[in-house]
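To start, the structure under review is shown below, and the notes come after it.
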Amino acid sequence: MGQTQEHHGWLYNQLFTNWKKFEIIYVCMLVALQILVYLIVPDSIIGMVSGVAGTLCLVYGMKGRKITFIFGIIQCLAMTYIAWISHAYGSFAMDIFYVISQPIGWYLWGHDEATKRFSPKVRRWIFLGAFVAWAIGWWVLSMVHGQLPYFDSINFVVSFIAQLLYILKYQENWSLWIIVNGANIIYWSILAVQTLMGASLSQIALQFALLFNSLYATKVWASGEADNEGGAGKDGDK
């Protein structure tokens with residue numbers, strides 16, 4: 001296996017090695033979902049690009065592979081534009097942070113291959129802090145008349161904490177992403193009804209994909225399968 005990885009190189013190993021049949025099927029289904037939404041409402045190519053790139057970003061993140069950050073930068077740039085035209089200012093601010101976090105995550109994941117986990121006590125404090133931060137964010141966004149501030153605050157504050165834990169490779173990031181993805185399904189559904197925007201429909205499909213992936217990633221990271229680049233190896237780097 002090591003010789004095969006070395007022959008093909010880093011990019012091939014990251015993209016194609018060590019996939020379970022179930023994972024291949026569900027990745028194809030999630031990407032197809034993004035394309036289907038675009039075909040139904042073909043007025044937002046940016047929304048479709050964001051959806052496909054976002055799906056691949058989180059799927060490869062679930063596998064614990066550095067290539068996640070390449071897809072992540074594409075998705076974040078597209079999401080920044082979508083959030084701006086939707087007047088989702090909390091999401092816009094978070095997307096700027098996501099863009100910055102991608103190269104940082106690339107660097108950190110190259111220096112620490114193992115996933116980590118907090119103690120139960122620290123985990124409870126993190127979740128409590130996330131709840132308090134969400135309430136404060138709700139109040140701030142209400143003051144500036146943002147769209148749906150109670151949901152946008154989850155996307156703004158809880159996502160910030162989840163992304164920090166993600167680039168630091170703490171398993172608890174997925175628990176927070178489950179909350180964020182669930183809230184975002186409701187958030188973008190409301191925006192889709194209010195604005196009749198294809199970009200919003202693409203984001204609904206994306207959030208369903210990300211919610212499923214977050215649930216599955218919780219299991220994968222807890223089992224240790226995401227350690228050491230999810231079995232992709234590092235021989236191709238040489």
Side-chain angles (χ1 to χ4, degrees), residues 1-39 45-79 98-116 162-163 165-171 173-174 177 181 202 205-206 208-238:
M1 184 66 176
Q3 292 179 349
T4 302
Q5 291 175 343
E6 188 173 0
H7 173 72
H8 287 295
W10 180 86
L11 183 61
Y12 181 93
N13 294 336
Q14 289 281 305
L15 289 172
F16 302 118
T17 59
N18 200 35
W19 286 87
K20 299 177 182 177
K21 183 177 180 179
F22 164 74
E23 293 172 346
I24 295 174
I25 293 173
Y26 103 70
V27 170
C28 291
M29 290 178 63
L30 294 185
V31 172
L33 175 63
Q34 302 302 317
I35 298 174
L36 177 62
V37 169
Y38 175 72
L39 293 177
I45 186 67
I46 294 179
M48 191 269 286
V49 169
S50 173
V52 171
T55 298
L56 294 176
C57 170
L58 270 297
V59 166
Y60 281 103
M62 173 272 294
K63 297 290 286 184
R65 300 184 180 179
K66 280 181 66 176
I67 200 169
T68 177
F69 297 107
I70 295 179
F71 292 112
I73 196 72
I74 297 172
Q75 189 238 350
C76 291
L77 291 172
M79 275 290 291
Y98 287 150
V99 171
I100 297 172
S101 72
Q102 301 307 306
I104 296 175
W106 176 278
Y107 174 81
L108 292 177
W109 280 34
H111 287 73
D112 187 357
E113 297 298 334
T115 60
K116 294 167 283 189
Q163 184 68 5
L165 297 182
Y166 179 68
I167 64 178
L168 293 172
K169 266 199 169 181
Y170 277 99
Q171 297 176 24
N173 85 88
W174 295 112
W177 282 123
N181 299 147
S202 296
L206 172 61
F208 269 112
L210 299 187
L211 176 60
F212 179 86
N213 186 71
S214 295
L215 291 167
Y216 183 66
T218 301
K219 170 183 175 295
V220 172
W221 280 42
S223 70
E225 294 178 45
D227 292 352
N228 302 310
E229 303 212 17
K234 300 186 70 176
D235 290 340
D237 281 327
K238 300 177 182 179

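Nothing fancy with the numbering, it's 1 onward along the sequence. Hydrogens, waters and symmetry mates play no part in the numbers below; they use all other heavy atoms, side chains included.
- Here the options are R65, K63, K20, the test is salt bridge (Lys or Arg N to Asp or Glu O under 4.0 Å), and the partner is E225; only K20 passes.
- To the nearest 0.5 Å, atoms CD (E229) and CG (N13) are separated by 9.0 Å.
- Nearest heavy-atom pair, T17 versus A232, reported as atom, atom and distance to 0.1 Å: OG1-CA, 3.5 Å.
- Although no hydrogens or angles enter the test, the distance criterion places a donor-acceptor pair under 3.5 Å between the side chain of T68 and the main chain of C57.
- Side-chain N or O atoms of N213 include none that pairs as donor or acceptor with a backbone N or O of M62 at under 3.5 Å.
- For the pair V59/W19, a side-chain contact is recorded, criterion being any heavy-atom separation below 4.5 Å from C-beta on.
- Taking the six-membered ring for Trp and thresholds of 30 and 60 degrees, F22 and Y26 have ring planes inclined between 30 and 60 degrees apart.
- Under the ring-ring contact (aromatic ring centres under 6.0 Å, His included) criterion, F71 pairs with Y60, not counting sequence neighbours.
- Within the 4.5 Å cutoff, the side chain of Y216 has heavy atoms near those of the E23 side chain.
- With hydrogens and angles ignored, the 3.5 Å screen pairs a side-chain donor or acceptor of D227 with a backbone N or O of T115.
- Ring-plane geometry between W174 and Y166 is classed as perpendicular, the angle between the planes exceeding 60 degrees on a 0 to 90 degree scale with a lower cut at 30.
- Put simply, CG on L77 and CD1 on I73 are 5.0 Å apart, with the number rounded to the nearest 0.5 Å.
- Taking CG of N181 as the reference point, atom CG of L210 lies at 5.0 Å (rounded to 0.5 Å).
- Between A162 and W177, the shortest heavy-atom contact is CB-CE2, 3.6 Å.
- T218 places a side-chain N or O within 3.5 Å of a backbone atom of S214 that can act as its donor or acceptor partner.
- No donor-acceptor pair closer than 3.5 Å links the side chain of K66 to the backbone N or O of W109.
- Nearest heavy-atom pair across A209 and T55 is CB-OG1, 4.0 Å.
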